[in-house]
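Structure first, commentary second.
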Amino acid sequence: MNAALAFSLLILFAAAVPIGVSLVLASAFGIQFFSTVPLLLAVQRIFASLDSFPLLAVPLFILSGNLMAAAGISERLVELAKSMVGGIQGGLACTCVVTCMIFASVSGSSVATTFAIGVILIPAMVRHGYPVGTAAAIQASSAELGVLIPPSIPLILYGVATETSIGQLFLAGIGPGILVAAALFIYLIILCRVKGYGKMDGEGRKPFIEAVVHALWALLMPVIVLGGIYGGIFTPTEASSIAVVYALFVGLFVYRSLTFAKIYTALRTSAISSTVIMIIIAGAGLFSFLVTRSGLPAIIAEWVQQVFTDRISFLMAVNVFLFIVGMFVETSAAILVLAPLLAPIAIAYGVDPVHFGLIIVVNLALGMFTPPVGVNLFAACAVAKISIQKIIPALVPMVLVVMGCVLLVTYVPFISLGLVELFYR
């Protein structure tokens with residue numbers, strides 16, 4: 001059964017069949033020809049995979065992020081970030097990092113962050129003398145904060161797949177998110193000083209107080225959503241619905257920039273994005289059920305414990321494996337297929353499941369801006385209207401910077417668990 005599943009999945013991937021569809025077809029093939037259970041099981045497991053209340057947060061957070069972007073939130077956040085850090089040499093590059101970190105707490109999606117912020121800051125950086133490849137690389141690497149800073153769609157998926165507290169995962173994502181942002185910030189300041197970029201980045205920035213007032217309603221959204229979750233007022237799923245209502249209220253009655261055409265576009269975009277994710281969830285749920293039923297996780301766990309005798313070597317092997325997987329497999333599918341297999345093994349090595357969730361997500365976030373399947377990479381290139389070849393030279397050092405952050409998150413659990421210990425334990 002396992003060999004049939006793996007072989008059929010590779011054939012479908014080679015034929016460029018979408019990941020979600022590939023998972024369903026490979027599972028159906030395995031059930032029909034290599035098992036004694038009825039094919040009806042596939043339908044039952046697909047339904048069971050989607051029959052989860054926490055999963056409702058995924059389409060709602062996607063919708064709230066799209067509504068806030070359509071309401072012009074990104075421009076206001078860019079002005080705020082520029083007022084904070086725009087006065088230094090390389091201020092625009094640092095503005096990109098800070099804006100992505102703030103916008104991530106609104107959208108929860110790295111691709112949405114790339115497009116919403118990239119259309120503003122990539123042309124601005126080019127006008128200020130940054131090479132277009134460097135500008136696109138800065139945006140692609142900064143946007144990965146969208147999957148670390150809560151609310152985060154990958155963290156929700158990990159929580160659902162492993163039955164881990166989503167509230168604790170959200171809180172644990174803050175430390176790694178700040179770490180990656182700070183590392184990129186320091187690297188970009190050094191880069192701009194060495195290369196001579198961004199000497200005039202401070203031109204045209206607003207006073208800080210004025211920028212805060214201008215962006216105040218946008219800044220209140222993560223405060224309300226995350227404050228409500230950690231204050232025990234509502235669950236993450238309920239928070240996602242509140243985020244949608246708040247986005248509509250701000251866009252329609254405060255900023256008055258949302259039109260029915262923009263709302264329709266946001267609904268359509270959110271429906272498409274949510275459908276893609278839900279198909280992957282359905283296929284991954286069926287695939288994982290068959291793999292678990294075959295006893296493969298127990299076999300893998302036994303093999304891993306024989307090969308890697310301590311936690312340090314195990315986590316290093318996980319990092320290498322996830323880095324390779326992240327380069328080729330879409331993040332949602334990788335989490336839903338691998339997390340149920342790897343999390344029990346990690347727990348057996350004494351790794352906290354919340355900490356391990358951040359290890360997985362930070363690793364796969366790295367894959368979002370590395371070729372050949374980095375979604376942020378393609379999004380940034382599309383905004384900058386350049387080929388991937390032009391972005392690679394500037395991208396490599398940023399990949400190395402984030403790799404260093406991955407190692408710190410892996411071997412210093414306090415970065416992820418410090419706030420969790422403070423609030424929950």
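Note that these values count all heavy atoms, side chains included, but never hydrogens, waters or copies made by symmetry.
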For this session: Compare all side-chain heavy atoms of Leu184 with those of Ser141 and state whether any distance is below 4.5 angstrom.
Result: yes
Exercise. Would you say the side chain of Ile189 lies within less than 4.5 Å of the side chain of Cys94, judging by non-hydrogen atoms?
Worked result: yes
Problem set entry | Atom of Ala93, atom of Cys192 and distance for their closest heavy-atom approach | CB-SG, 4.4 Å
For this session: Verify side-chain contact (heavy atoms from CB on, under 4.5 Å) between Phe208 and Val212, making sure each step is shown before the conclusion.
Result: CA-CA 6 Å; Phe208 176 69; Val212 169; 3.5 Å; yes
For this session: Please round to the nearest 0.5 Å and tell me the distance separating atom CG of Asn363 and atom CD1 of Ile360.
Result: 8.5 Å
Exercise. Does some side-chain heavy atom of Val351 sit less than 4.5 Å from a side-chain heavy atom of Ile345?
Worked result: no
For this session: Please name all residues satisfying side chain to side chain donor-acceptor pair (under 3.5 Å) with Thr164, sequence neighbours left out, ordered by chain then number.
Result: Thr162
For this session: Please name the pair of heavy atoms, one in Thr99 and one in Ala81, separated by the smallest distance, quoted to 0.1 Å.
Result: OG1-CB, 3.1 Å
Exercise. If you take all heavy atoms of Ala218 and Met68, which pair is closest and at what distance?
Worked result: CA-CE, 4.2 Å
Seminar exercise, completed: Across all chains, not counting sequence neighbours, the side chain to side chain donor-acceptor pair (under 3.5 Å) partners of Thr265 are none
Problem set entry | Between CG on residue Leu169 and CG on residue Leu358, distance to nearest 0.5 Å | 7.0 Å
Atom pairs and distances, side-chain donor-acceptor, residues 242-249, under 3.5 Å, sequence neighbours left out:
from: Tyr246; atom 1: OH; to: Trp217; atom 2: O; distance (Å): 2.5

Exercise. Is a side-chain N or O of His355 found less than 3.5 angstrom from the main chain of Val409, in a donor-acceptor match?
Worked result: yes
Seminar exercise, completed: residues 78-91 vs side-chain hydrogen bond (donor to acceptor under 3.5 Å, both in side chains), sequence neighbours excluded, gives none
Side-chain donor-acceptor contacts of residues 386-394 below 3.5 Å, not counting sequence neighbours, with atom names and distances?
from: Ser387; atom 1: OG; to: Gln389; atom 2: OE1; distance (Å): 3.3

Problem set entry | Pairs involving residues 131-157, ordered by first then second residue, that meet ring-ring contact (aromatic ring centres under 6.0 Å, His included) (sequence neighbours left out) | none
For this session: Using the side-chain contact (heavy atoms from CB on, under 4.5 Å) rule, take Leu23 and Leu12 through it: C-alpha gap first, then chi angles, then the decisive distance, then the call.
Result: CA-CA 9 Å; Leu23 290 167; Leu12 290 166; over 6 Å; no
For this session: Using a cut-off of 6.0 Å, state whether more than 12 heavy atoms not belonging to Phe414 lie near its atom CZ.
Result: no
Problem set entry | Spatial distance of atom OG (Ser332) from atom CD1 (Ile281) [nearest 0.5 Å] | 7.0 Å
For this session: Could you grab the distance from atom CD1 of Ile138 to atom CD1 of Ile117, nearest 0.5 Å is fine?
Result: 14.0 Å
Exercise. Is Val160 close to Val58 at the side-chain level, that is, under 4.5 Å between some pair of heavy atoms?
Worked result: no
Problem set entry | CD1/Ile233: more than 12 non-hydrogen atoms of other groups inside 6.0 Å | yes
Exercise. Going through the distances and angles, do Leu407 and Met403 end up as a side-chain contact (heavy atoms from CB on, under 4.5 Å)?
Worked result: CA-CA 6 Å; Leu407 292 176; Met403 278 184 174; 6.0 Å; no
For this session: Return the set of residues passing side chain to side chain contact (heavy atoms under 4.5 Å, CB included) with Ile11 (not counting sequence neighbours), or none when no residue passes.
Result: Phe7
Exercise. Measuring from Leu336:CG to Leu341:CG, what's the distance to the nearest 0.5 Å?
Worked result: 11.5 Å
For this session: Spell out, as yes or no, whether a donor-acceptor pair under 3.5 Å connects the side chain of Ser64 to the backbone of Phe61.
Result: yes
Exercise. With distance as the sole test, does Tyr411 use its side chain to make a donor-acceptor pair with the main-chain N or O of Ile312 at under 3.5 Å?
Worked result: yes
For this session: Using the ring-ring contact (aromatic ring centres under 6.0 Å, His included) rule, collect all pairs that involve residues 163-191, keeping only residues at least two apart or in two chains.
Result: none
Problem set entry | Non-hydrogen atoms of Ser49 and Leu55 that approach each other most closely | O-CD1, 3.4 Å
Exercise. Does Leu188 reach the side chain of Met398, with side-chain heavy atoms less than 4.5 Å apart?
Worked result: yes
Exercise. What are the two closest heavy atoms between Gly177 and Ile149, and how far apart are they?
Worked result: CA-CD1, 3.7 Å
Problem set entry | Exam field: side chain Ser273 to backbone Ser270, donor-acceptor pair closer than 3.5 Å | no
Problem set entry | Heavy-atom check, side chain of Ser416 versus side chain of Val354, under 4.5 Å | no
For this session: I would like to know whether Val362 and Cys405 meet side-chain contact (heavy atoms from CB on, under 4.5 Å); could you show each step before the answer?
Result: CA-CA 9 Å; Val362 173; Cys405 294; 5.7 Å; no
For this session: Side-chain contact test, heavy atoms from C-beta onward, threshold under 4.5 Å: evaluate it for Val383 versus Gln139 and give yes or no.
Result: no
Problem set entry | Backbone N/O of Asp310 and side chain of Ser313: donor-acceptor pair under 3.5 Å | yes
Problem set entry | For Ser142 against Val97, the heavy-atom pair lying closest together | OG-CG2, 3.3 Å
For this session: Evaluate the side-chain hydrogen bond (donor to acceptor under 3.5 Å, both in side chains) criterion for residues Asn66 and Thr269: first the C-alpha distance (whole Å), next the side-chain angles of each, then the deciding distance (0.1 Å), finally the verdict.
Result: CA-CA 8 Å; Asn66 285 330; Thr269 302; 5.4 Å; no
Problem set entry | Criterion side chain to side chain contact (heavy atoms under 4.5 Å, CB included) against Leu171, the qualifying member of Leu419, Ile166, Leu417 | Leu419
Problem set entry | Ring-face cation contact, Tyr255 with Arg76, 6.0 Å cut, 45° max | yes
Problem set entry | Non-neighbouring partners of Thr259 that pass side chain to side chain contact (heavy atoms under 4.5 Å, CB included), sequence neighbours left out | Ala261, Lys262
Exercise. Phe314: what forms a ring pair (Phe, Tyr, Trp, His ring centres under 6.0 Å) with it, not counting sequence neighbours?
Worked result: Tyr349
Exercise. Would you say the side-chain atoms of Thr410 and Asn319 include a donor-acceptor pair closer than 3.5 Å?
Worked result: yes
Problem set entry | Residues which pass side chain to side chain contact (heavy atoms under 4.5 Å, CB included) with Ala365, listed by chain and number, not counting sequence neighbours | Glu144, Val147
Problem set entry | Pairwise side-chain contact, Leu121 with Leu92, heavy-atom cut-off 4.5 Å (strictly under) | yes
Exercise. Hey, what do you get for OH (Tyr158) to CD1 (Ile335), rounding to the nearest 0.5 Å?
Worked result: 9.5 Å
Problem set entry | Check: Thr237 main-chain N/O paired with Ser240 side-chain donor or acceptor under 3.5 Å | yes
Donor-acceptor list for residues 127-137 side chains, cut-off 3.5 Å, not counting sequence neighbours:
from: His128; atom 1: ND1; to: Met200; atom 2: O; distance (Å): 3.3
from: His128; atom 1: ND1; to: Asp201; atom 2: OD1; distance (Å): 3.2
from: Tyr130; atom 1: OH; to: Asp201; atom 2: OD2; distance (Å): 2.5

